[in-house]
Structure formats: structure tokens, C-alpha cells
Amino acid sequence: MPHSHHSHSGQFCKHASGLLEDVVKEAIRQKFQVYGLTEHVPRYREIDLYPEEESIPLDELSSQFTSFLTEAHRLKTAYSAQISLLVGLETEFITDLDLRRLETLLKTFGGRVQYVVGSIHHVNGIPIDFDLPTYERALASFGDGTGDGGHEARQQAFLESYFDAQYELLRRFKPEIIGHFDLCRLYRPSLRFGHHPAVQEKVERNVKFAVGYGALFEVNAAAFRKKWDTAYPGEDVVQVIKRLGGRFALSDDSHGPHAVGMNYCRLPDYLRSVGISELWYLEPSDMPNSAGRNIRTVRLDGDWLDHPFWRGQPW
């Protein structure tokens, strides 16, 4: 502690900013002890490119990810005396092609990918975290809301699709970190899954599966900069995770040096309000985990709030 397991840089992600090395330097300046470098995997179809990527050839996106791994491991070695850097990736699941290519990527790079952040950013092949109109388009892809059940039926189908995709990702790759579990309500933070029993069942199914193989659920501070009053996941999901024996880790989901540790100042109040008394983090291991990667979960000793990081920040 302190730690973050999820980050990006403008050097290797077009919707982020800054150099990866500057992200690392800022993490060191803020006295992070464990910091995960986890770039998005490539996309493999031109239709899936974001507007800022449309001029980039697909093969260049793939080589960019390879360059990320090379630079991340260089930094891991260069700054090893000052910080423990972990090198991983963040998943995409737009179509099954992404999962097939991810299987190939993980086999190709082996131990150079120390861990996986399992995230879903698309529903029905449409981004749900780009902007509100695109989110609404993803929702509308489940019907115009005028049929049986109207908007509620469309909302339920959207949410079920999201959690089914998440389950498939968990089942096939056993990611060590579950990324922003409830991103599906990014633009509807007041939405409660319990109002849709079929959705709630899928939430609990996914949590049980992830708990079963030893995943950590990230408490992701990026939700605060998305105008949420909570981190991801919201309190209702936190209570499900707690009830089913899940464990939590911290992430800033930074998109450049300026966002390292952003809104960590709001995490203590949130963690206390939802009753999270233990925090966990990842560290390298000589023994492979259930996914075959040499990384393990470690519980932070003592009371996390007593750590000098929280006392030493000018908040």
C-alpha cells in the first residue's frame, strides 16, 4: 500500500495522455509502492476503432501493444529500487474474435503479461463508455422500447448482455483483477440491479465465479471523475461481493501522469461507508495461479487507513 492495478498512458493509448515513464515517475512521487501498468489490448477490426484511432492501421495497433510491453518491462527494471511495477493488460470483448486473439496474445507473450484486468467496454459491439449518445445507441440496439415491457425490458436485455459477456471473459481467462465491475451503468449510476431479478442473478453468478478462482475486485476511483458519488463498483454491488466472500484491491485507472492517484482522497470515506475493512494487492509469485500466471494476491497487514500514504497526502 498504496497500490493501483490499472493504468494507461498517451504513449500507448490515444484517449490518454503523457509518457508511460512519466506515469511511473508520478506514482513514485506520490509514494505508491505497487503500481500496475495495464494497456488496452489491440482491436482487430476497423469498425471497432475509436475516432482518434481511425487513421492508425490495425497492424500498427498490434505493434503498439508489443512496444508497450517492452517499455513497461524496461521501466519495471529501471525503477525497481523505488517502486514495484507490475505489467499486465486490460481486456476487450467486442466479438468472439477479441477473445480468440487474446488467447493467442497470452500464449505469445507468456510471462511478460503478469496479470489481466478483465473489463467489458462494449455491449452488442457498441462502446458503452465513450459518450452518452453512443451508450444510448447500445441500449437502443435491444429494441426501440415500444414493444412488450418497453424501456424496462430493453434495459434488462442490455444489462444481461453485459454480464453474460463479463461471465464469458471470467470463465475463459480468470482475470486477476475484475475491472470496473458495473461500468454498464456509467451514465445511469442510480440504476439498481436488484430491480431486475434476472440481472441480479447474473451479477451474483459472476461474483461467485470470480471469488471461486481467487480474483480481486477493483475499487476504481475513476468513477468519481465520471461524476459518480461512489467508486466502481457501487455500494449495492460491494455488498454482494462482501456477502459472497470477495476481496478488494485499489485502482486509479489513470489515463496519464495527471490522473495518477486522482480521487484517491475520496476512497477512505467510500471504503468506510461500505464496510470494506481489508484491502488486497498483487505481487509476483514463483508458483502459478489458477490461470497459470505467476502472480498472487496478498492481504495488506493491519488497518489500511493507518498507512502513511493516507496520512501524508495534502488532502
Side-chain angles (χ1 to χ4, degrees), residues 3-27 32 34-45 48-53 56-79 83-94 97-99 101-122 127 129-130 169 173 175-180 183 218 220-222 249-262 282 284 291 293 295:
H3 54 263
S4 174
H5 295 84
H6 184 172
S7 67
H8 306 277
S9 75
Q11 188 172 355
F12 302 107
C13 174
K14 297 304 180 186
H15 62 268
S17 64
L19 298 176
L20 187 60
E21 185 161 11
D22 289 337
V23 169
V24 172
K25 288 179 178 178
E26 180 60 19
F32 275 83
V34 175
Y35 203 83
L37 308 178
T38 55
E39 203 48 81
H40 291 284
V41 293
R43 279 157 307 284
Y44 300 102
R45 304 185 307 167
D48 297 326
L49 300 181
Y50 290 103
E52 67 270 15
E53 299 171 326
I56 304 175
L58 291 174
D59 59 352
E60 187 173 323
L61 281 179
S62 293
S63 63
Q64 178 178 275
F65 182 79
T66 303
S67 297
F68 157 72
L69 288 179
T70 298
E71 176 65 356
H73 278 280
R74 182 188 75 82
L75 297 171
K76 182 176 181 290
T77 300
Y79 291 97
I83 192 170
S84 176
L85 295 176
L86 303 175
V87 180
L89 59 78
E90 185 179 13
T91 63
E92 297 288 358
F93 183 8
I94 308 168
L97 172 64
D98 298 283
L99 301 192
R101 291 293 184 91
L102 179 56
E103 288 174 344
T104 300
L105 185 152
L106 290 171
K107 289 177 182 176
T108 299
F109 291 112
R112 294 181 68 194
V113 176
Q114 294 179 281
Y115 72 106
V116 170
V117 176
S119 299
I120 300 294
H121 304 94
H122 296 72
D129 63 342
F130 182 72
L169 183 70
F173 297 99
E176 287 78 8
I177 300 289
I178 311 301
H180 38 61
L183 187 73
E218 68 170 11
N220 185 322
L250 301 184
S251 292
D252 61 17
D253 199 353
S254 61
H255 279 61
H258 69 286
V260 171
M262 181 179 286
L282 296 178
R293 292 181 285 270
I295 200 89

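When a residue number appears, it is its place in the shown sequence, counting from 1. Model, not experiment: these values are computed from the prediction.
Rounding to the nearest 0.5 Å places CZ of Arg74 at 14.0 Å from CG of Leu69. Asp22 contributes atom CG, which lies 10.0 Å from atom CG of Leu75 (distance to the nearest 0.5 angstrom). Interatomic distance, NE2 of His121 versus CD1 of Ile94, reported as 10.0 Å (0.5 Å rounding). Note: Ser7 OG to Glu90 CD = 9.5 Å, rounded to the nearest 0.5 Å. The line from OG of Ser67 to CD of Glu60 is 9.5 Å long, rounded to the nearest 0.5 Å. Atoms CD and NE2, from Glu39 and His6 in turn, are 8.5 Å apart once rounded to the nearest 0.5 Å.
Residues Leu183 and Ile120 approach most closely at CD2-O, 3.4 Å, considering heavy atoms. Of all heavy-atom pairs spanning Leu37 and Leu20, the tightest one is CD2-CD1, 4.0 Å. Closest heavy-atom contact between Leu49 and Ile56: CD1-O, 3.9 Å. A pairwise comparison of heavy atoms in Gly261 and Phe32 identifies CA-CZ, 3.9 Å as the closest pair. Between Gly179 and Val117, the closest heavy-atom pair is CA-CG1, 3.9 Å. For the pair Thr38 and Phe68, the tightest heavy-atom approach, listed with the atom from each and the gap, is N-CZ, 3.9 Å.
Residues satisfying the ring pair (Phe, Tyr, Trp, His ring centres under 6.0 Å) test with His5, not counting sequence neighbours, are His3. Shown here are the side-chain hydrogen bond (donor to acceptor under 3.5 Å, both in side chains) partners of Thr70, two or more places apart in sequence or in another chain: Arg112. His255 pairs by the ring pair (Phe, Tyr, Trp, His ring centres under 6.0 Å) definition with His8, His15, not counting sequence neighbours. Among residues two or more places apart in sequence or in another chain, the side chain to side chain contact (heavy atoms under 4.5 Å, CB included) test is passed with Thr91 by Leu89, Leu102, Val116, Ser119, Leu169. Scanning for side chain to side chain contact (heavy atoms under 4.5 Å, CB included) contacts around Ser62 gives Pro42, Tyr44, with sequence neighbours left out. With sequence neighbours left out, Phe93 forms a ring pair (Phe, Tyr, Trp, His ring centres under 6.0 Å) with no residue at all.
In this structure, Arg101 does not pair ionically with Asp98, as no charged nitrogen and carboxylate oxygen lie closer than 4.0 Å.
Inspection of the His258 and Glu26 side chains reveals no N or O donor paired with an N or O acceptor under 3.5 Å. Counted by atom type alone, His40 and Glu92 present one or more donor-acceptor pairs between their side chains at under 3.5 Å. When only modelled atom types and interatomic distance are considered, Asn220 and Ser251 share no side-chain donor-acceptor pair under 3.5 Å.
Between Lys76 and Glu71, the closest side-chain pair of non-hydrogen atoms is not below 4.5 Å. In this structure the side chain of Leu250 never reaches within 4.5 angstrom of the side chain of Ser4, judged on heavy atoms.
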Trace of the side-chain contact (heavy atoms from CB on, under 4.5 Å) decision for Glu53 with Gln64: CA-CA 12 Å; Glu53 299 171 326; Gln64 178 178 275; 5.8 Å; no
Phe130 and Tyr50: CA distance, side-chain angles, deciding distance, side-chain contact (heavy atoms from CB on, under 4.5 Å) verdict: CA-CA 9 Å; Phe130 182 72; Tyr50 290 103; 3.7 Å; yes
Tyr35 vs Ser254, side chain to side chain donor-acceptor pair (under 3.5 Å): CA-CA, chis, key distance, verdict: CA-CA 11 Å; Tyr35 203 83; Ser254 61; 2.8 Å; yes
Verdict with supporting geometry, Val113 and Val87, side-chain contact (heavy atoms from CB on, under 4.5 Å): CA-CA 6 Å; Val113 176; Val87 180; over 6 Å; no
Stepwise side-chain contact (heavy atoms from CB on, under 4.5 Å) test for Leu106 and Arg293: CA-CA 10 Å; Leu106 290 171; Arg293 292 181 285 270; 4.1 Å; yes
